[in-house]
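Notes to accompany the following structure.
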Amino acid sequence: PGSSFGRGHGGMLPIARSPRLRRRWVFMDSSLFGRVPMDSSAEFMDIDEGRGGRHFVRRLGCAGMMSSVLLLTLAIIYVADAEHVDDAAMLAASEHEQLMLAEDGPVELQESWIPEVVDCQVTGKDQHSLVILLSTTLQGPLAVNTFQNMIRKLPGVSDSQLKVLLLEDAGLLKSSFWDSNDPNFGQKQGLNYEKIKSRTGMKISVEKVKEWTKGFQGLDGGWTADHAVDETLSRLFAREDFSYHSIFDSCASEAQAQALFELQAQHLAPKVDMTVDADHPCVHEFRNILDQVSIILANGGNPDLLGFVWRSFAPEIGRMISERVRAGRLLYMGKSAGAMAASADFAYSYEPMPMLEEVLLKGDTSGLALAGSCSLRPHYGNQIWNIPARALAKARGQVGVLTPNGVGLACDQGQCFMVGPKPQQGPDIFQSPGSHLLRIYKAYEFAYKDYRPPRPNLVKSCRPQAPQCEGSGLSNTSLVMLGSGEMGRDAQEAFQTLLREVHPSQRFKARSKVLVLDDAALLTRSFWDSSDLDFSRPNVLNYIKAGLSTNVELVREATDGFAAMDEGWIPSSAALPGFDALDFSRASVFDRCATEEQKKALFKLQSQGVAPEVSMTTLADARCLESLEELLGDATVLMMGWGNPDLLGYVFKVFAPRFTAKIIKRVREGSLLFLGLGAGAMLASHS
């Protein structure tokens with residue numbers, strides 16, 4: 001880079017898949033790719049690193065062309081073969097490396113272990129960083145090889161000089177760390193205060209912790225691992241290569257330690273300053289410790305505590321770690337909470353009590369950002385974190401990385417990729433055609449646009465037996481029932497109870513009526529397309545059964561053959577106790593009141609993404625509303641069913657708000673029972 005390579009030679013092939021080949025380049029003659037040099041005496045450049053000079057070879061006619069082709073062919077063969085040779089060599093490079101192999105012999109890297117590359121948007125300041133963030137521990141040849149290759153890049157360090165600092169702050173709030181009666185206290189692979197006290201000493205007294213927490217109440221569950229006895233690491237390092245340290249234990253006064261544990265266990269806000277100065281003796285002590293180690297391993301536990309320690313409590317130490325990692329002088333390894341706090345943001349967790357995040361961090365969960373803009377969610381075992389992680393990452397401009405146990409994220413001098421037995425991050429549910437991140441992100445964006453919702457008290461509250469839905473918009477006479485599907489026995493009994501509460505003016509009619517509004521179904525493919533397998537099923541609703549006036553050919557044309565419409569099917573009816581088929585009437589507000597142009601616009605918007613060029617509201621005095629209001633006046637029950645909740649929201653909030661106001665008035669005065677199922681239940685709820 002930055003040099004003149006001679007005329008006519010612009011092609012470069014980077015070889016980056018094998019770490020040992022990462023800095024090697026093949027310079028190819030551009031004429032091989034169809035560009036003919038203007039000067040036939042152009043030069044082909046080779047680099048001889050051993051002699052430190054450049055050697056230019058003149059191309060002379062066909063002989064020169066054949067030489068170039070031969071060189072290129074040999075380069076490709078070398079690169080294709082060198083990847084496997086280098087990877088195998090890395091596995092057997094030393095006695096340490098052979099120790100990490102499986103018990104039945106050496107493990108060769110397979111093609112299936114080629115890692116998933118992650119774009120963490122790493123900037124120039126991280127081009128020398130050596131970082132590996134794990135969900136649990138090093139697992140699999142790819143992860144171990146990556147770790148060992150990073151070690152080799154540490155300046156001026158031989159195997160005999162490697163020392164590892166185990167940073168244990170994240171585990172200080174675990175019950176199993178302090179309480180000898182905790183079932184996990186004596187874990188052979190676990191860590192507790194006795195082990196650290198016997199090896200490096202601890203300032204914080206277990207008796208004081210018991211007093212401050214009223215018998216270890218309110219501390220975190222689980223246990224934290226002792227990495228000095230980790231199976232993989234113990235094969236790579238001797239026991240004396242490990243040392244333990246806690247920044248908070250080393251730096252905190254007794255009053256600060258008491259404040260932390262009382263905040264965690266009793267939710268008492270600290271009355272002392274929870275920071276230490278940059279010239280505190282513990283800061284100088286930590287600098288001396290770092291001078292003696294090459295690797296820092298931050299353990300698992302509570303990410304809020306670790307983030308607080310090096311971002312707020314002792315920020316000079318956090319800067320010290322970051323600077324050495326970014327200078328390539330210190331290899332950072334983080335496990336679980338230790339990985340989260342070193343990434344861009346450690347908000348991707350709901351496990352810790354919110355007290356530390358709320359009181360000590362003031363809501364700021366930004367980490368050390370040692371892996372660019374990537375934020376880690378460890379222990380990804382199902383899809384529960386897919387939606388919040390993707391939405392949060394998009395809102396904050398980050399890359400959310402979901403790592404199952406055994407898998408991690410490595411950033412090797414600017415190149416980030418997944419490592420582990422199956423080196424891919426958790427599947428993204430938004431890759432499926434019917435799942436759209438933008439839809440839910442916009443909902444989050446709108447919710448947080450004008451206000452910040454009050455924080456729930458996650459400590460004192462649990463899920464109530466009955467949802468607390470009371471609010472200013474819910475009257476004592478409102479009759480509402482919301483559900484997902486067919487009614488079970490208890491739901492039928494509840495429905496009949498509500499029906500008996502309907503205002504007498506409606507209840508004593510000769511016969512109660514049910515008005516079913518089918519607007520939610522209008523964007524479903526099986527509702528319109530007779531070639532759809534679900535169209536003719538007896539229990540499936542279609543446009544014929546609904547009795548719509550909209551011409552199916554209009555829909556077919558506007559959607560280019562029903563393309564990109566919602567999948568699935570809509571049930572044709574729900575069995576309601578006390579009613580038979582003659583008691584039901586069906587209608588669609590949009591079908592009755594929309595003009596042909598409005599209908600075309602809606603279906604084109606859904607299918608083709610074409611914005612409407614006509615007004616998409618109905619007139620307040622439209623005659624169609626009068627007929628709908630007449631149907632509503634005869635009804636005792638109003639039912640809105642399954643389908644698209646966004647379409648329902650548009651129809652009843654934007655398109656026909658006058659009719660919606662009539663519905664709300666009747667429901668609140670107790671003369672109409674509202675039954676919402678699926679999308680209808682969502683529309684009737686708060687959001």
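All heavy atoms count here, side chains included; hydrogens, waters and symmetry mates do not. If you read the sequence from its start, that first residue is 1, and numbering goes on from there.
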### Task
Given side-chain contact (heavy atoms from CB on, under 4.5 Å), test N145 with Q148 step by step and report yes or no.
CA-CA 5 Å; N145 286 343; Q148 292 176 316; 3.8 Å; yes
Backbone N/O of [Y] and side chain of [X]: donor-acceptor pair under 3.5 Å:
| X | Y | result |
| --- | --- | --- |
| K203 | A252 | yes |
| E357 | D364 | no |
| S250 | I247 | no |
| Q424 | P115 | no |
| K195 | G190 | yes |
| D226 | A228 | yes |
| N299 | A225 | yes |
| D277 | H280 | no |
| E168 | H245 | no |
| K174 | G221 | yes |

Does the pair [X]/[Y] count as a salt bridge with the N-to-O cut at 4.0 Å?
| X | Y | result |
| --- | --- | --- |
| E323 | R287 | no |
| D126 | R326 | yes |
| K197 | D249 | no |
| E231 | R235 | yes |
| R311 | D304 | no |
| D412 | K153 | yes |

Contact check, side chains of [X] and [Y], non-hydrogen atoms, under 4.5 Å:
| X | Y | answer |
| --- | --- | --- |
| S234 | R239 | no |
| L260 | Q256 | no |
| D119 | V399 | no |
| V407 | V419 | no |
| L133 | S343 | yes |
| F430 | I387 | yes |
| L165 | F286 | yes |
| L305 | L172 | yes |

In Å and rounded to the nearest 0.5 Å, what is the [atom1] to [atom2] distance from [X] to [Y]?
| X | Y | atom1 | atom2 | result |
| --- | --- | --- | --- | --- |
| R390 | L437 | CZ | CG | 8.5 Å |
| L173 | M355 | CG | CE | 13.0 Å |
| L392 | Y348 | CG | OH | 4.0 Å |
| S435 | I429 | OG | CD1 | 5.5 Å |
| L290 | K163 | CG | NZ | 15.5 Å |
| I321 | L167 | CD1 | CG | 6.0 Å |

Shortest non-hydrogen contact between [X] and [Y], atoms and distance:
| X | Y | value |
| --- | --- | --- |
| A298 | W310 | CB-CH2, 4.4 Å |
| P423 | M418 | O-CB, 3.1 Å |
| N405 | S135 | OD1-OG, 3.2 Å |
| W223 | S176 | CA-OG, 3.3 Å |
| A347 | R396 | CB-NH1, 3.9 Å |
| L306 | A337 | CD2-O, 4.0 Å |

### Message
As a quick check of understanding, evaluate side-chain contact (heavy atoms from CB on, under 4.5 Å) for T136 and H379, giving each step before the final call.
### Response
CA-CA 8 Å; T136 48; H379 315 302; 4.2 Å; yes
#### Entry: With sequence neighbours excluded, residues passing side-chain hydrogen bond (donor to acceptor under 3.5 Å, both in side chains) with Y380
N386
### Query
side-chain contact (heavy atoms from CB on, under 4.5 Å) between D291 and R324: does it pass, once the steps are laid out?
CA-CA 10 Å; D291 288 339; R324 295 192 182 213; 2.8 Å; yes
### Task
List the steps and the verdict of side-chain contact (heavy atoms from CB on, under 4.5 Å) for V401 and T403.
CA-CA 6 Å; V401 181; T403 56; 3.8 Å; yes
### Message
For D220 and Q264, which I'm curious about, is there any donor-acceptor pair between the side chains at under 3.5 Å?
### Response
yes
### Cysteines C416 and C120 with SG distance under 2.5 Å
no
### Message
If we check side-chain contact (heavy atoms from CB on, under 4.5 Å) with F147, which of these qualifies: L236, L142, L134?
### Response
L236
